Number of protein chains: 2
Amino acid sequence: MADIPTATVGRVVTYIRVLEELEAQNVLRASSGELARRAGVTPFQVRKDLTYFGRFGTRGIGYTVAVLRRELLRALGLDQTWNVVIVGMGRLGHAIANYPGASDYQFQNVGLFDVAPDVVGREVRGLTIQHMSQLGPFVASVAGTPRQVDMGLLTVPAEHAQAAAQALVAAGVGGILNFAPVVLQTQDLHLPEAFAAPGRREVTVENVDFLAGMKRLAFYMLGPQAGPAEE
Amino acid sequence: MADIPTATVGRVVTYIRVLEELEAQNVLRASSGELARRAGVTPFQVRKDLTYFGRFGTRGIGYTVAVLRRELLRALGLDQTWNVVIVGMGRLGHAIANYPGASDYQFQNVGLFDVAPDVVGREVRGLTIQHMSQLGPFVASVAGTPRQVDMGLLTVPAEHAQAAAQALVAAGVGGILNFAPVVLQTQDLHLPEAFAAPGRREVTVENVDFLAGMKRLAFYMLGPQAGPAEE
DNA sequence: CATTGTGAATCCCTTCACAGCT
DNA sequence: AGCTGTGAAGGGATTCACAATG
């Protein structure tokens, strides 16, 4: 299979959302033009993106909303359950643990962790916040069940992010969604042998950084600006 | 001036952070190799990115940390103050209002808004949460001072995001950082004539979407997978 | 002489035009 | 007739090699 452009992956996530909106409005079919309009891209782009995953449309007609949604969910691995732990239960961790839709799409919060004594032991949405020292044993215990802990959401202060990432990986968690405004040094992160499934031994990191978003926004709002020494 | 690749803008934000780390460690100079290592990119990339903004290095030596930082901050418009309002003071809005560093870089929270009666009137970090109906008058009042309201952080539920964006734009706020998992229909968003500064009449939107981040992460964790009908 | 700055080459993604299907 | 699927063209972005230089 060809490998899929990262930009395409991001857009497909959007298409799924758009398809869910359409489904909620009882729309059965949609053309690439309609999807494109709602997703804010061109119809060409929609069709090209979809060809990376298969052929889902009917010429002359368009796409069946339910079918395309199902197929794209499968393609992204969202037809299965992903067990998630949150590391860092400050305000941001709490907001995410309580976020409506965070348990959609088969993302299941299974554990909450922090180090602050005034936070450990509290209950959030039926889960008791555990101390970070329990992370290793906890993950090991979950690993015995049908599925393991798949992802860690990193919502600790920037200065502790690398250490917390290390702890997650040492515990056997191979996927990290990093909310801290730091670049995780992934060359230091290697799953222990025991967890090194064939082809899945490396750590996968995605970043969500709203401070960076504010800065990009600021730049784009400057508009056409004076460049460097114009020559 | 050449226009700057969007990917470059994102990386430059990272370089600034890296430079601040270095400054905090009292490092005076750094090569493109050192910056690249910390930013997780190649040295070529760093040098090419920087040339879009000017020539900041010394051959044979490298870059002076403080100088490069200052120049990049200026290039991104982060040497000036950006006034920010938060629309949607649920858990996420609160988390952001209280986020350490959210007031760094000359981003200044100047107003907080919501519609829920149990939230309006509460005080957060010295600001009283106002009702959305006050947004227009508030922005108009700030516009009289040296600077106006530059950005709105949209932290309302998905189903209200488009309407809230409309309200921001109608009030004269031309930059939106959208946290809701929806594609804002920007063709419906036009600044009122009164605010249409030359070259700055269109609305600028950046998205920060952690649910999308989780889905992308899930996909990348699938690893090399079976493609569509292999032929 | 180590390191920057940058044209040229390469690679990848987007756009397009149209063939192919229903 | 209408819309998808896709090879080809076009445009950007990344990589590279090396000339420039303090």
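All values reported here derive from a predicted model rather than from experimental measurement. Naming: A, B, ... by sequence-line order, numbering from 1 per chain. Side chains included, hydrogens not; waters and symmetry mates left out as well; all remaining heavy atoms used.
Between the side chain of Ser31(B) and the backbone N or O of Glu34(B) there is at least one donor-acceptor pair closer than 3.5 Å. The backbone N or O of Asn207(B) sits nowhere less than 3.5 Å from a side-chain atom of Asn178(B) that would complete a donor-acceptor pair.
Contacts of Arg11(A) classified as salt bridge (Lys or Arg N to Asp or Glu O under 4.0 Å), with partners at least two apart in sequence or in another chain: Asp49(A).
One atom, OH of Tyr52(A), and another, P of dT4(D), lie 18 Å apart when rounded to the nearest Å. Whole-Å rounding puts the Phe56(B) CZ to dT6(C) C1' distance at 15 Å. Straight-line distance from the CG atom of Asp3(A) to the P atom of dC11(C): 14 Å, rounded to whole Å. Rounded to a whole Å, the CG atom of Asp49(A) is 14 Å from the P atom of dT4(D). In this structure, Glu71(A) atom CD and dG5(D) atom P are separated by 12 Å, rounded to whole Å.
Checking the phosphate oxygens (OP1, OP2) of dT15(D), a side-chain nitrogen or oxygen of Gln45(B) falls inside 4.0 Å. Regarding contacts with the backbone of dG5(C), a side-chain N or O of Tyr63(B) is found under 4.0 angstrom from either OP1 or OP2. At least one side-chain nitrogen or oxygen of Ser32(A) sits closer than 4.0 Å to the OP1 or OP2 atom of dT4(D). Remark: Arg55(B) is in phosphate contact with dT6(C), judged by side-chain N or O atoms under 4.0 Å from OP1 or OP2. An OP1 or OP2 oxygen of dT15(D) is reached within less than 4.0 angstrom by a side-chain nitrogen or oxygen of Thr42(B).
Within the nucleic acid shown, Arg11(B) comes within 4.0 Å of sugar-phosphate atoms alone, with no base atom in reach, counting heavy atoms only.
In this pair, Trp82(B) and Phe107(B) present their aromatic rings tilted. The plane angle is within the 30 to 60° band. Classified by interplanar angle (parallel below 30°, tilted 30° to 60°, perpendicular above 60°), the ring pair Phe210(B)/Tyr99(A) is perpendicular.
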**OP:** List the protein contact pattern of nucleotides 17-22 of chain C with one symbol per nucleotide (5' to 3'): B for base contact, S for sugar-phosphate-only contact, - for none; contact means a heavy-atom distance under 4.0 Å.
**Re:** B-BBBB
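Looking at heavy atoms from C-beta onward, Val84(B) lies out of side-chain contact with Leu177(B) at the 4.5 angstrom threshold.
Among the nucleotides dG5(C), dT14(D), dT6(D), the one closest to the side chain of Thr51(B) is dG5(C).
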